[in-house]
Amino acid sequence: PSSGGEGGGGDSAGGTINIGLLMPLTGQISQFGEQTRNGAMLALKQRNNKVGNYTINAVVEDDKNDETEAVARVQKLVTEDQVIAVIGSVSSRISIPVSEVLEQQGVIQISPTSTADALTPGKKWIFRACFNDSFQGKVMAKFAREELNAQTAAILYDLANPYSEGLYKSFEAAFTDLGGQVVKVESYRTGDQDFRAQLTSIAGANPDVLFLPDYYNPVGLIAQQAREVGVQATLLGADGWDDSQLYDLGGEAILGGYFSNHYSVEQENPESKAFVEAYRQEYGEDPSALAALGYDAANLLLDAIQRVIDNGGDPTDPEQVRDALEQTQGFKGVTGTISFDENHNPVKDAVVLQTTANGHKYVTTVSPQ
Ligand code: PHE
């Protein structure tokens, strides 16, 4: 694509740089989309939509968490709005096809939240602000073995969602590696409402823990039905559990479970403290991990643009911004300190949270070794 504005050329005259925000603002995970957008918009607002003399113009698009819609929206962002970068999408199932378009077009993508391993490897233009599912699955397997002393595990996952499937595989491999035994694996498809058959089979295997790698809506239902058919296991999950609706949907059945996440409001560092205050003031609620990652993703991009300008480059040239982004070192984000590995994955910590009657409670932090 050509430059995003009338400026460019590396002078100090400035200009406009268009960036895209691609999020599921309607549909099954619209909560996730709104929070991620709010986080990213706050980052822009705090800089008055400016980096140096350049105005950053954010174009927001709703991908409806639908693949076809997402690809159409992203093509519009590239051809009509001539964005140099897209922040999005939220779920891995959408971010992966979007990455194929952007990789081909030579436009930067930073997914705030998509954790599926397959998103970034082998791609020049694609980055993420979150850790990946290999790490996340390992975190929960280790927690189950070492903190909960679990000997046996069962897994129930969505075979139509690469996020869910990837987590199932990484949890299973790590749990087995650490000397545990996976005694039952069952599956379903996105949109299913009745999990009783699979859960009855899991109840028969009587596992110590049941890993449920999916978003809050199916997980809430699954938790209820699991208790109904006699599953006693401690429930475990991952970042997809992070929404207060988990408690509305799961009721008592979801309490006492554990899940891995990108961030906890209870774990303060100077960056996160200032962020939490600003977010509360702007939106009247606590930021979720998605909001924090949306904020970090936007700031990673703005920081790279700033460095291009500082070095006398042209920040309307996506290639220069991409190179700067790749060279990010020790970026102090709300969700941790970010440098990218060779696959454009940040190397950073995860937290484990417990589901309690008073909401999520911070339990521990796990670092990659
Ligand atoms: N990690 C999920 C995915 O890749 C998205 C997600 C991130 C959901 C953070 C909730 C919280 O599909």
Side-chain angles (χ1 to χ4, degrees), residues 22-25 27-40 63-67 70 87-99 109-121 126-140 157-171 190 211-220 236-247 249 257 259-265 286-297 333-336 343-346 348-353 355 360:
L22 183 73
M23 326 264 150
L25 297 170
Q28 196 209 11
I29 56 167
S30 60
Q31 302 273 337
F32 285 172
E34 273 170 41
Q35 293 160 7
T36 312
R37 180 202 55 200
N38 287 352
D63 65 37
K64 307 191 164 121
N65 201 37
D66 176 87
E67 236 180 272
I87 295 173
S89 181
V90 169
S91 73
S92 299
R93 190 172 63 76
I94 303 304
S95 290
I96 293 171
V98 163
S99 75
Q109 177 181 13
I110 308 176
S111 171
T113 57
S114 296
T115 45
D117 287 22
L119 176 65
T120 54
I126 317 303
F127 298 78
R128 63 177 127 214
C130 51
F131 48 64
N132 68 11
D133 288 332
S134 289
F135 176 58
Q136 198 171 196
K138 220 180 283 168
V139 165
M140 289 316 290
Y157 76 100
D158 179 353
L159 53 75
N161 184 346
Y163 160 69
S164 187
E165 184 169 34
L167 274 172
Y168 139 51
K169 296 227 163 102
S170 70
F171 177 89
T190 312
F211 187 52
L212 301 173
D214 206 344
Y215 307 127
Y216 59 89
N217 4 31
V219 168
L236 304 180
D239 58 351
W241 283 31
D242 185 25
D243 194 276
S244 60
Q245 283 192 32
L246 180 71
Y247 298 97
L249 297 164
F259 66 100
S260 52
N261 207 2
H262 305 272
Y263 143 98
S264 160
V265 245
D286 278 356
S288 65
L290 292 122
L293 286 168
Y295 183 80
D296 280 351
V334 167
T335 61
N343 289 321
H344 298 170
N345 294 322
K348 62 176 179 179
D349 296 347
V351 295
V352 177
L353 305 181
T355 50
H360 306 341

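We count ligands from 1, going down the list as the structure has it; atoms in each ligand are counted the same way.
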Asker: Looking only at heavy atoms, which two atoms of A297 and I87 are closest? And how far apart?
Answerer: CB-CG2, 4.0 Å

Asker: Say whether, by atom type as modelled, one donor and one acceptor occur between the side chain of Q31 and the main chain of D243 under 3.5 angstrom.
Answerer: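 The answer is no, because no donor-acceptor pair under 3.5 Å joins these two groups.
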
Asker: Which heavy atom of the protein is the closest neighbour of atom 4 (O) of ligand 1, given with residue, atom name and distance?
Answerer: S92 OG, 2.4 Å

Asker: Measure from atom 1 (N) of ligand 1 to every heavy atom in V90, N161, D239, D243 and give the option owning the shortest one.
Answerer: D239

Asker: Backbone, side chain, both or neither: what part of L290 comes under 4.0 angstrom of ligand 1, heavy atoms only?
Answerer: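 It is the side chain that touches ligand 1; the backbone stays farther off.
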
Asker: Measure across Y157 and P213 and return the closest heavy-atom pair with its distance rounded to 0.1 Å.
Answerer: CB-CG, 3.9 Å

Asker: Short N/O distance, under 3.5 Å, between S91 and ligand 1?
Answerer: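 The answer is no, given that S91 and ligand 1 share no N or O pair closer than 3.5 Å.
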
Asker: Quick check on ring pair (Phe, Tyr, Trp, His ring centres under 6.0 Å): which of W241, Y216, Y215, F211 does F259 satisfy it with?
Answerer: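 With F259 as partner, W241, Y216, Y215, F211 yield a single ring pair (Phe, Tyr, Trp, His ring centres under 6.0 Å), made by W241.
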
Asker: How far is atom 8 (C) of ligand 1 from its nearest protein heavy atom, and which residue and atom is that?
Answerer: F32 CE1, 3.4 Å

Asker: Between the side chain of S114 and the main-chain N/O of V90, is any donor-acceptor distance below 3.5 Å?
Answerer: yes

Asker: Within the 4.0 Å heavy-atom shell around G240, which atoms of ligand 1 are there?
Answerer: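 Listed by number with element: 8 (C), 10 (C).
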
Asker: For ligand 1, which atoms sit closer than 4.0 Å to a heavy atom of Y215?
Answerer: 3 (C), 12 (O)

Asker: For residues D117 and S134, is any side-chain donor paired with an opposing acceptor at under 3.5 Å?
Answerer: yes

Asker: Applying the side chain to side chain donor-acceptor pair (under 3.5 Å) criterion to S288, which one of H262, Q35, E34 satisfies it?
Answerer: Q35

Asker: Below 4.0 Å, non-hydrogen atoms only: which portion of T115 touches ligand 1? Side chain, backbone, both or neither.
Answerer: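 The answer is both, backbone and side chain.
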
Asker: Would you mind listing which atoms of ligand 1 come within a distance below 4.0 Å of any non-hydrogen atom of S114?
Answerer: 4 (O)

